[in-house]
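Small disclaimer: the values here were computed from a predicted structure and weren't measured. Both counts, for ligands and for their atoms, begin at 1 and track the order of listing.
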Amino acid sequence: MTKIGVLGLQGAVREHVRSIEENGAEAVVVKWPEQLEDIDGLILPGGESTTMRRLIDRYGFMEPLRQFGESGRPMFGTCAGLILLASDIVGYDEPHLGLMNIKVERNSFGRQKESFEADLSIKDVAENYNAVFIRAPHIVSAGEGTEVLAECDGRIVAARDRHYLGCSFHPELTDDHRIARYFIDMANEAKASLAKA
Ligand code: GLN
């Protein structure tokens, strides 16, 4: 069975576990870098990117996470996780993992819209998708090779760059598990092609 890890340092971990299991895949809460060796894809959850980064450093996750991505295994960053994946963050000199070819801006929907829901059309995933945004970042620009999957009010809120998937919102907070399904399919495909190589 496909095993999907959820980085379990901080944030909405349990909700992601539920949406993976609802799709019939196995979920693993990843608390130690060694656990990365045993999974086919990894979700970086929403929460607080600066706190998560501190914990990534404290538990020695930085290099293992980069190597995980570079090995070709899929990673899915949601909200704060998207910020961790991005190659560029507005106002910062350095990215965190810097694996996904996108530029993001934190907390970019303004204070009056701290949290809100919106109906989105997400390419290859869903025509009508109710998305929950909480102090969400948005994707300012998608680099070469990155495909825009969804926009909200003219802002990019979901994209895919090779085996990296990212969205601004919290797909794990509703009962609509279609994005988790899409990510599990990415992990299945990567698993099959890495086994052949
Ligand atoms: N505002 C948070 C950050 O910058 C992200 C919010 C979230 O993950 N819901 O890290």
Ion pair check, Arg106 and Glu48, cut-off under 4.0 Å: yes
Where at least one partner belongs to residues 33-44, residue pairs that pass side-chain hydrogen bond (donor to acceptor under 3.5 Å, both in side chains), sequence neighbours excluded: Lys3-Asp38
Polar side-chain atom of Arg73 near backbone of Leu42 as donor-acceptor pair, under 3.5 Å: no
Lys/Arg-Asp/Glu bridge criterion (N-O < 4.0 Å) met for Glu63, Arg66: yes
Neighbour list for ligand 1 [protein residues, heavy atom under 4.0 Å]: Gly46, Gly47, Glu48, Ser49, Cys79, Ala80, Ile83, Arg106, Asn107, Ile134, Arg135, His170
Lys/Arg-Asp/Glu bridge criterion (N-O < 4.0 Å) met for Arg155, Asp153: no
Main-chain N/O of His138 paired to Ser108 side chain as donor or acceptor, under 3.5 Å: yes
